[in-house]
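All values below come from the heavy atoms of this structure, side chains included, with hydrogens, waters and symmetry mates left out. It should be emphasised that the depicted structure is a prediction, and the values quoted were computed from it without experimental measurement.
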Amino acid sequence: MSANFGDIDNDGFLDYYLGTGNPELESIVPNKMFKNINGNRFVDVTAAARVGHLQKGHGIAFADVDNDKDQDIYIEMGGAYKGDAFHNSLYLNPGQNKKNNWITLDLIGKDHKNVIGTSIRINFRESGKQRSVFRDVNSGGSFGASPLRKEIGIGQATLIDEIEIRWHPGNETQVFRNVQPNQFLRINEGNDRLETVPLRMVNLETFGSHRHH
């Protein structure tokens, strides 16, 4: 019924979560989580992450909901037919892999125009090897809407060599070099200044959210 991509451990490789859906109880299948292993293969980590909910999964979003520097998962449950009601689920990321670094970008178009379709390339060196991570500004996958701010993992890289932004729809390109990681940056189209945005962590565990590993 739904799917979306996110990076649960900030290694720069996109993982994905599937929301199953079928009103017939005999076809119950847990929602499934697959981790990307170095861009080579995917491993089913549903049980280890404790995200295999049996309710019918619909819209999925990956986002750092509590601003603790790693992505969490929000999924809409139920709703396959009238009266099919169930609480939605928020899986907070325990952040077991804090050694990986990240960068978050909030892109603002000229005259606050929509920047959906803008492409981002992050160049960095990790363990002596050159890597590039590519992201597009969009709302995510099927039946899901992740935030338009881009939360990008860069593994164990300690410096970002280049951030290249190709703005949509004009295809103008901006490049920012030698950027320190672990920052929330706001970038305005046509402005070469990087604005640092402070993040305040939010404690959501008191709201009864599920905690995944």
Side-chain angles (χ1 to χ4, degrees), residues 3-17 33-40 42 60-74 91-109 114-127 129-141 144-168 172-189 191-201 212:
N4 214 334
F5 291 89
D7 185 358
I8 61 173
D9 58 359
N10 285 331
D11 65 354
F13 297 102
L14 288 176
D15 316 297
Y16 68 95
Y17 189 49
M33 179 82 209
F34 292 88
K35 185 180 179 339
N36 190 329
I37 307 299
N38 298 323
N40 296 317
F42 290 93
I60 297 171
F62 281 82
D64 184 8
V65 178
D66 51 358
N67 287 334
D68 69 344
K69 308 173 184 61
D70 48 37
Q71 289 192 318
D72 313 295
I73 301 173
Y74 182 85
Y91 296 102
L92 292 179
N93 194 329
Q96 294 176 325
N97 196 349
K98 290 296 186 182
K99 63 183 180 180
N100 285 339
N101 296 315
W102 53 275
I103 196 76
T104 295
L105 303 178
D106 181 28
L107 304 186
I108 308 296
N114 195 328
V115 296
I116 290 178
T118 296
S119 61
I120 301 168
R121 183 175 69 179
I122 309 288
N123 297 326
F124 55 90
R125 296 188 67 84
E126 183 184 26
S127 301
K129 296 181 179 179
Q130 187 69 40
R131 281 188 61 189
S132 294
V133 170
F134 298 86
R135 296 289 184 267
D136 291 326
V137 179
N138 55 52
S139 61
S146 298
L148 294 181
R149 77 181 194 184
K150 306 312 295 181
E151 298 154 347
I152 305 170
I154 59 169
Q156 298 184 46
T158 57
L159 179 70
I160 297 173
D161 296 330
E162 287 186 342
I163 299 175
E164 179 184 288
I165 301 171
R166 187 177 298 275
W167 296 90
H168 182 81
E172 295 184 12
T173 300
Q174 284 182 269
V175 178
F176 302 87
R177 295 182 173 88
N178 299 322
V179 179
Q180 293 296 322
N182 303 331
Q183 299 187 80
F184 185 148
L185 301 176
R186 179 168 292 135
I187 301 175
N188 288 273
E189 184 178 3
N191 189 330
D192 292 330
R193 185 176 71 90
L194 297 174
E195 177 186 353
T196 301
V197 180
L199 287 180
R200 184 173 68 87
M201 290 182 58
H212 75 81

Peer 1: With sequence neighbours left out, what residues match Asn38 under side-chain hydrogen bond (donor to acceptor under 3.5 Å, both in side chains)?
Peer 2: none
Peer 1: Taking all non-hydrogen atoms of both residues, which atom of Arg149 and which atom of Phe184 are closest, and how far apart?
Peer 2: NH1-CE1, 3.2 Å
Peer 1: Please enumerate all residues that pass ring-ring contact (aromatic ring centres under 6.0 Å, His included) together with Phe176, with sequence neighbours excluded.
Peer 2: none
Peer 1: Calculate, to the nearest 0.5 Å, the distance between atoms CD1 and CD1 belonging to Ile60 and Ile73 respectively.
Peer 2: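 Between atom CD1 of Ile60 and atom CD1 of Ile73 there are 8.0 Å.
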Peer 1: Could you tell me which non-hydrogen atom of Val133 sits nearest to which non-hydrogen atom of Arg135, and how far apart they are?
Peer 2: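 So the two residues come closest at CG1-NH1, 3.2 Å.
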Peer 1: What's the spacing between His168 NE2 and Asn114 CG if we round to 0.5 Å?
Peer 2: 8.0 Å
Peer 1: Partners of Asn36 by side chain to side chain contact (heavy atoms under 4.5 Å, CB included), sequence neighbours excluded?
Peer 2: Phe13, Asp15, Phe42
Peer 1: So how far is it from Asp70 CG to Asp64 CG, rounded to the nearest 0.5 Å?
Peer 2: 6.0 Å
Peer 1: Any side-chain heavy-atom pair from Leu92 and Asp68 closer than 4.5 angstrom?
Peer 2: no
Peer 1: I'd like to know if the side chain of Gln174 and the backbone of Ile165 have a donor-acceptor N/O pair within less than 3.5 Å.
Peer 2: no
Peer 1: Considering residues at least two apart in sequence or located in another chain, which fulfil the side-chain hydrogen bond (donor to acceptor under 3.5 Å, both in side chains) criterion with Ser127?
Peer 2: none
Peer 1: Just verifying a value: how many Å separate Ile187 CD1 and Thr118 OG1, rounded to the nearest 0.5 Å?
Peer 2: 11.0 Å
Peer 1: Among residues at least two apart in sequence or on other chains, which ones pass salt bridge (charged side-chain N to carboxylate O under 4.0 Å, His left out) with Arg186?
Peer 2: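 Testing Arg186 for salt bridge (charged side-chain N to carboxylate O under 4.0 Å, His left out), a comparison that skips the adjacent residues, returns Asp106, Glu195.
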Peer 1: Under the side-chain hydrogen bond (donor to acceptor under 3.5 Å, both in side chains) rule, collect the residues that match up with Thr158, sequence neighbours excluded.
Peer 2: none
Peer 1: Going by the rule side-chain hydrogen bond (donor to acceptor under 3.5 Å, both in side chains), which residues pair with Asn123 if we only count those two or more places apart in sequence or in a different chain?
Peer 2: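 Asn123 satisfies side-chain hydrogen bond (donor to acceptor under 3.5 Å, both in side chains) with Ser132, Glu162 once adjacent residues are dropped.
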Peer 1: With side chains defined as the heavy atoms from C-beta onward, is the minimum distance between Ile122 and Ile160 less than 4.5 Å?
Peer 2: yes
Peer 1: Can you name the residues that form a salt bridge (charged side-chain N to carboxylate O under 4.0 Å, His left out) with Arg121, not counting sequence neighbours?
Peer 2: Glu164
Peer 1: Heavy-atom distance under 4.5 Å between the side chains of Thr104 and Leu199, does that happen here?
Peer 2: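 No, their side chains stay 4.5 Å or more apart.
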Peer 1: With distance as the sole test, does Asn101 use its side chain to make a donor-acceptor pair with the main-chain N or O of Ile154 at under 3.5 Å?
Peer 2: no
Peer 1: Among residues at least two apart in sequence or on other chains, which ones pass ring-ring contact (aromatic ring centres under 6.0 Å, His included) with Phe34?
Peer 2: Tyr16
Peer 1: Is there a side-chain contact between Asp72 and Tyr91 in this structure, where contact means two heavy atoms from C-beta onward sitting under 4.5 Å apart?
Peer 2: no
Peer 1: Does a side-chain heavy-atom distance below 4.5 Å link Asn67 with Arg200?
Peer 2: no
Peer 1: Given Asp7 and Glu151, is the side-chain contact (heavy atoms from CB on, under 4.5 Å) satisfied, shown in steps?
Peer 2: CA-CA 8 Å; Asp7 185 358; Glu151 298 154 347; over 6 Å; no
Peer 1: Which residues satisfy the salt bridge (charged side-chain N to carboxylate O under 4.0 Å, His left out) test with Lys35, sequence neighbours excluded?
Peer 2: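 Only Asp9, Asp11 meet the salt bridge (charged side-chain N to carboxylate O under 4.0 Å, His left out) criterion with Lys35.
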Peer 1: Which atoms form the tightest heavy-atom contact between Ala157 and Pro181, and what is the distance?
Peer 2: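 That closest heavy-atom pairing would be O-CG, 4.2 Å.
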Peer 1: How long is the straight-line distance from CD of Gln180 back to CG of Leu185, given to the nearest 0.5 Å?
Peer 2: 10.5 Å
Peer 1: As an exercise, state the distance from CG of Asn10 to NZ of Lys99, rounded to the nearest 0.5 Å.
Peer 2: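 Between atom CG of Asn10 and atom NZ of Lys99 there are 12.5 Å.
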Peer 1: Contact between Arg125 and Asp161 at the side-chain level, heavy atoms closer than 4.5 Å - yes or no?
Peer 2: yes
Peer 1: Does Ile8 form a side-chain contact (heavy atoms from CB on, under 4.5 Å) with Gln71? I'd like the steps, not just the answer.
Peer 2: CA-CA 6 Å; Ile8 61 173; Gln71 289 192 318; 5.6 Å; no
Peer 1: Any donor-acceptor pair under 3.5 Å linking the side chain of Glu126 with the backbone of Gln156?
Peer 2: yes
Peer 1: Quick one: list whatever passes salt bridge (charged side-chain N to carboxylate O under 4.0 Å, His left out) with Glu189, sequence neighbours left out.
Peer 2: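 Glu189 satisfies salt bridge (charged side-chain N to carboxylate O under 4.0 Å, His left out) with no residue once adjacent residues are dropped.
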Peer 1: Measure from the side-chain N and O atoms of Asp136 to the backbone N and O of Gly117, and report whether any donor-acceptor pair falls under 3.5 Å.
Peer 2: no
Peer 1: Please give me the minimum heavy-atom distance between Leu159 and Phe124, naming the atom from each residue.
Peer 2: O-CB, 3.6 Å
Peer 1: Residues two or more places apart in sequence or in another chain: which of them pass side chain to side chain contact (heavy atoms under 4.5 Å, CB included) with Ser146?
Peer 2: Asn4, Ala61, Phe62
Peer 1: Please name the residue in the list Val175, Leu194, Leu105 that meets the side-chain contact (heavy atoms from CB on, under 4.5 Å) test with Ile163.
Peer 2: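 It is Leu105; the other options fail the test.
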